[in-house]
Undergrad: 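Starting off with a structure, shown below.
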Amino acid sequence: MAIVSQNLKKNDNDLDVDAFRSAMLDWYKSNARELPWRVHFGERPDPYHEWLSEIMLQQTVVKAAIGYFNKFINLWPTIHDLADAHPDDITKEWAGLGYYARARNLHKCAQIISREYNGVFPNNEKDLMLLPGIGPYTSAAIRSIAFQKPSVVMDGNIERIMCRVFAHKLPLKDSKRQLYEFASYLSQDRTDYPGEYAQSLMDLGASVCISSTPKCMRCPIQQFCQAYKSGIQNDIPVKKNRVPKPERFGVLYFIENDKGQILFERRSDKGLLANMVGVPGTNWTDDAEESLTETFIPDFDISHTFTHFRLKLKGVRLLEKKQNDTNKKLFWYDPNEYVKLGLPTVFLKAVKQYLKVVKTR
DNA sequence: AAGGCGGGGAT
DNA sequence: ATCCCAGCCTT
């Protein structure tokens, strides 16, 4: 807190917190995005809806989450329905959204809320943080949005806004605590519409105070923004240089039987794409030659980028099972029915390519 | 404290 | 092609 007041005084015009919050709330009244989990200004959403949306939105853009949210609410209207669902059904419906640990934790959390909390979400930070999949951000978001309790909601958008409002020039990565202090200063345990205030910042970050070339002429808090005042809004937040992603290589086996089916596998419950359905193949290594343990004539290529590496795969058609070495659960399935499997994106791409190749021969 | 963990929207 | 997003969990 000492750092904050220093920083504010240094700029000779203390930020008027009341005016800042009023500007944000006024802007939000006429500029809020209409989203399926949102309610009217001043109303509180169903905590189940609010929680589900927050889990889906972790590291995910709003537009990508909307369809999934509607689908989940349709399939499982209450948290008890979700708690009683089969885990495989949940991962299948989650397929394509990524970060699949979220789906597992979603189910665990639903079961705890349903069975230990009788379906009622806790509204205090300590209990919320103990739930699987709920960390500092999601805890604060649920508290402020679903329960209108003052909380310091910090996400990537709000960090960026704090950076600019306070003209913070150090790299974002090293500034988490400082930026939290800025946001905390603006929150100050205010009880007036903490949920709407938090969402107003998120919407501002998504539409106006965007990462590159922010739209300051449309910004309701332009007058409070020290970066704008100094004309450095395009230069912050400062990002550290990113290391290029390494490449990995592998082979996928499309093993066919005489019924037009191919072999799929349920992946291990640990590591990348845990518990998801995929196509069997070699391990993915950083050595392109090593991945080709035998000489194949590949039928097609698949490339896919994950968080921390690029993957280049060769797809090859085989008429018999390669080996029985694996402890993974293998099963035959009609590749044309791939939609029902809930494949993660890399395998979705691969199967579509495979079908195209098969059709043209 | 650092690294693992997906995918796609926006540019 | 690159950036980065309504982060959390494990080690």
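The chains referred to below are lettered A, B, ... by the order of the sequence lines, with proteins before strands, and numbering in each begins at 1.
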Undergrad: Among the nucleotides dC8(C), dG7(B), dC5(B), which one has an atom lying closest to any side-chain atom of Q58(A)?
TA: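 Between dC8(C), dG7(B), dC5(B), the one nearest the side chain of Q58(A) would be dC8(C).
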Undergrad: Provide, to the nearest angstrom, the distance between the CG atom belonging to D174(A) and the P atom belonging to dA2(B).
TA: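 Rounding to the nearest Å, CG of D174(A) and P of dA2(B) are 9 Å apart.
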Undergrad: Using the C1' atom in both, what is the distance from dG8(B) to dC9(C), to the nearest Å?
TA: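 Each nucleotide's C1' atom is 23 Å from the other's.
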Undergrad: Taking only side-chain N and O atoms of H308(A), does any of them lie within less than 4.0 angstrom of OP1 or OP2 on dG3(B)?
TA: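 Result: no.
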Undergrad: If you check every side-chain atom of K63(A), which of dG8(B), dG9(B), dA6(C) has the closest atom?
TA: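 Of the candidates, dG9(B) comes closest.
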Undergrad: Under 4.0 Å between any heavy atoms, over every strand shown, what does I158(A) touch: base, sugar-phosphate, or nothing? Just pick one.
TA: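 If one applies the 4.0 Å heavy-atom cut-off, I158(A) turns out to touch nothing in the nucleic acid.
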Undergrad: For T60(A), report the nucleic acid contact type (base, sugar-phosphate, nothing); a contact means any heavy atom under 4.0 Å.
TA: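 Since a base atom lies under 4.0 Å of T60(A), the category is base.
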Undergrad: When you measure from the side chain of W37(A), which nucleotide among dA6(C), dG7(C), dC8(C) comes out closest?
TA: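 My answer, after comparing the listed nucleotides, is dA6(C).
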Undergrad: Assign G205(A) to base, sugar-phosphate, or nothing according to its heavy-atom contacts below 4.0 angstrom with the strands shown.
TA: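 The residue G205(A) makes no contact with any strand.
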Undergrad: Could you tell me whether K149(A) atom NZ has more than 12 heavy atoms of other residues or ligands within 6.0 Å of it?
TA: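 Open: at most 12 neighbouring heavy atoms sit under 6.0 Å from NZ of K149(A).
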Undergrad: In whole Å, what is the span from the NZ atom of K245(A) to the P atom of dC5(B)?
TA: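 In whole Å, dC5(B) P lies 13 Å from K245(A) NZ.
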Undergrad: Are any of the side-chain nitrogens in D269(A) or R104(A) under 4.0 Å away from the carboxylate oxygens of its partner?
TA: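 A salt bridge is absent here (no side-chain N lies under 4.0 Å from a carboxylate O).
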Undergrad: Using a cut-off of 4.0 Å on non-hydrogen atoms, how would the nucleic acid contact of L273(A) be classed: base, sugar-phosphate, or nothing?
TA: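 Sugar-phosphate, backbone atoms only, no base.
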Undergrad: Rounding to a whole Å, what distance do you find between L128(A):CG and dG7(C):C1'?
TA: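 That distance rounds to 15 Å.
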Undergrad: Between dT2(C) and R310(A), is there an OP1 or OP2 to side-chain N/O distance shorter than 4.0 Å?
TA: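 Looking at the OP1 and OP2 atoms of dT2(C), one of them is under 4.0 Å from a side-chain N or O of R310(A).
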Undergrad: Choose from dC4(C), dG7(B), dG6(B) the nucleotide whose nearest atom is closest to any side-chain atom of T345(A).
TA: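 When the side chain of T345(A) is considered, dG7(B) is the closest of dC4(C), dG7(B), dG6(B).
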Undergrad: With rounding to the closest Å, how many angstrom separate the P atoms on dC8(C) and dG9(B)?
TA: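 Here dC8(C) and dG9(B) have their P atoms 23 Å from each other.
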Undergrad: Give the rounded distance in Å between these two atoms: CG of D269(A) and C1' of dC5(B).
TA: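 Value for this atom pair: 15 Å.
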Undergrad: Quick one: do L97(A) and L341(A) end up in the same hydrophobic cluster if we chain Ile, Leu, Val, Met, Phe, Trp and Tyr together by side-chain heavy atoms under 4.5 Å apart?
TA: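 Yes, it is one cluster - the side chains of L97(A) and L341(A) are joined through contacts under 4.5 Å.
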Undergrad: Considering only dG7(B), dA6(C), dG6(B), which nucleotide approaches the side chain of Y99(A) most closely?
TA: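 It is dG6(B).
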Undergrad: Output the rounded distance in Å from CE (M56(A)) to C1' (dG6(B)).
TA: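 After rounding, the gap between these two atoms is 15 Å.
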Undergrad: When we call it a touch if two heavy atoms are under 4.0 Å apart, what does L106(A) touch: a base, just sugar-phosphate, or nothing?
TA: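 Since no nucleic acid heavy atom lies under 4.0 Å of L106(A), the category is nothing.
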Undergrad: Nearest to the side chain of A206(A) - dG7(B), dC4(C), dA6(C)?
TA: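 Looking only at heavy atoms from C-beta outward on A206(A), the closest nucleotide is dA6(C).
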Undergrad: Can we say D235(A) and K169(A) salt-bridge, meaning some charged N sits less than 4.0 Å from an Asp/Glu carboxylate O?
TA: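 The answer is no: the pair does not qualify as a salt bridge.
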Undergrad: What's the closest nucleotide to the L272(A) side chain, out of dC5(B), dA6(C), dG7(B)?
TA: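 Taking heavy atoms from C-beta onward, the closest nucleotide is dC5(B).
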Undergrad: Remember a base hit wins even if backbone is also touched, and classify V62(A) as base, sugar-phosphate or nothing at under 4.0 Å, heavy atoms.
TA: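 Answer is base: heavy atoms of V62(A) come under 4.0 Å of a base.
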Undergrad: Report yes if at least one side-chain N or O of T138(A) is closer than 4.0 Å to OP1 or OP2 of dC8(C); otherwise report no.
TA: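 The answer is yes; a side-chain N or O of T138(A) sits under 4.0 Å from OP1 or OP2.
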Undergrad: Take the protein atom CZ of F309(A) and the nucleotide atom P of dC5(B), then report the distance between them rounded to whole Å.
TA: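 Rounding to the nearest Å, CZ of F309(A) and P of dC5(B) are 7 Å apart.
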Undergrad: Determine the interatomic distance between C1' on dC4(C) and the same-named atom on dC5(B); round to the nearest Å.
TA: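 That atom pair is separated by 15 Å.
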Undergrad: So that I can tick it off, tell me whether R115(A) and D84(A) are bridged by a salt bridge, with the cut-off set at under 4.0 angstrom between side-chain N and carboxylate O.
TA: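 Judged by the 4.0 Å cut-off on N to carboxylate O distance, D84(A) and R115(A) do form a salt bridge.
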Undergrad: Of all the choices, dG6(B), dC4(C), dC9(C), which nucleotide is nearest to the side chain of N105(A) once you look at every atom?
TA: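 Closest nucleotide among those given: dC9(C).
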Undergrad: What class does the angle between the rings of F182(A) and H168(A) fall in, given that below 30° is parallel, 30 to 60° is tilted and above 60° is perpendicular?
TA: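 It falls in the perpendicular class, over 60°.
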Undergrad: Could you tell me how far apart E159(A) (CD) and dC5(C) (P) are, to the nearest whole angstrom?
TA: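 Those two atoms, CD and P, are 8 Å apart.
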Undergrad: Considering every strand and a 4.0 Å limit on heavy-atom distances, what is the contact class for R33(A): base, sugar-phosphate, or nothing?
TA: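 Result for R33(A) = base.
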Undergrad: Quote, to the nearest angstrom, the C1' distance that separates dG6(B) from dC3(C).
TA: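 Pairwise C1' distance, dG6(B) against dC3(C), rounds to 15 Å.
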Undergrad: Should the ring pair F121(A) and W51(A) be called parallel, tilted or perpendicular, given that the plane angle runs from 0 to 90° and is split at 30 and 60?
TA: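 F121(A) and W51(A): tilted rings.
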Undergrad: Would you mind telling me which residue lines up with the more 5' stretch of DNA chain B, G98(A) or T213(A), judged by nearest nucleotide?
TA: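 First, find each residue's nearest nucleotide; the 5'-ward one identifies G98(A).
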Undergrad: Rounded to whole angstroms, how far apart are CG on N157(A) and C1' on dG9(B)?
TA: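 Taking atom C1' of dG9(B) as the reference, CG of N157(A) is at 13 Å.
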Undergrad: Nearest to the side chain of R102(A), heavy atoms from C-beta on, is which of dG6(B), dA6(C), dG8(B)?
TA: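 Looking only at heavy atoms from C-beta outward on R102(A), the closest nucleotide is dG6(B).
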